[in-house]
Structure formats: C-alpha cells, structure tokens
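The structure appears right after this line, and notes come after that.
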Amino acid sequence: METEIGMALVDVKRSLRQLAMDESGQGTTEYAILVGVLVVIAILSIVTFRGKVQELWDAIANGMGSL
C-alpha cells in the first residue's frame, strides 16, 4: 500500500514539474497584458482629449459641408 502511495506521489511530482516547465501559454498571456495596457491608454486618451477631438470632428464636418 505504501509503495502505491509513494509511486502516486512520484507521478504527481513529475507532472507538476512538467507543468511548471511548460511555457506554451506565456506568449498568449503577454499578448493579453499588452492589449489590456493599450486599451487603457486609448480610453484615457479619449477621456482626456474629448473636447479637442469634438472640435476637430466639428471642423472636419463643417469643412465637408462647405464643399
């Protein structure tokens, strides 16, 4: 009975070691973090420059309307 438990523990230890060494999901995680940071920057930029963007949009619309 003890040898079966010991073998099972060795198998679990080996599996955990392989799982810890596996880096296949690392690129996906880094990509997700990068996209998240870019989204936050975009939202902050839109909130910060909302007035300027509206002025620019109105100027473009008025310019096109005068054509």
Side-chain angles (χ1 to χ4, degrees):
M1 182 74 165
E2 289 183 15
T3 58
E4 292 176 7
I5 294 173
M7 290 174 55
L9 288 175
V10 169
D11 287 341
V12 169
K13 185 177 177 181
R14 185 180 307 127
S15 297
L16 288 175
R17 184 179 295 136
Q18 287 176 348
L19 184 62
M21 301 291 283
D22 185 20
E23 296 181 359
S24 62
Q26 183 176 1
T28 304
T29 304
E30 291 171 353
Y31 179 72
I33 291 170
L34 178 63
V35 169
V37 168
L38 291 175
V39 166
V40 169
I41 290 171
I43 290 171
L44 289 175
S45 298
I46 290 169
V47 169
T48 303
F49 299 111
R50 182 181 306 184
K52 293 290 184 183
V53 171
Q54 186 63 44
E55 290 175 17
L56 179 62
W57 186 260
D58 291 340
I60 291 171
N62 289 335
M64 290 181 67
S66 66
L67 290 176

Same apolar cluster (I L V M F W Y, side chains within < 4.5 Å links), L44/V53:
no
Treat each ILVMFWY residue as a node, draw an edge where side-chain heavy atoms are under 4.5 Å apart, and state whether F49 and I41 are in one component.
no
Residue among V35, L34, V40 satisfying side chain to side chain contact (heavy atoms under 4.5 Å, CB included) with L38
L34
Side chain to side chain, R50 and Q54, heavy atoms closer than 4.5 Å:
no
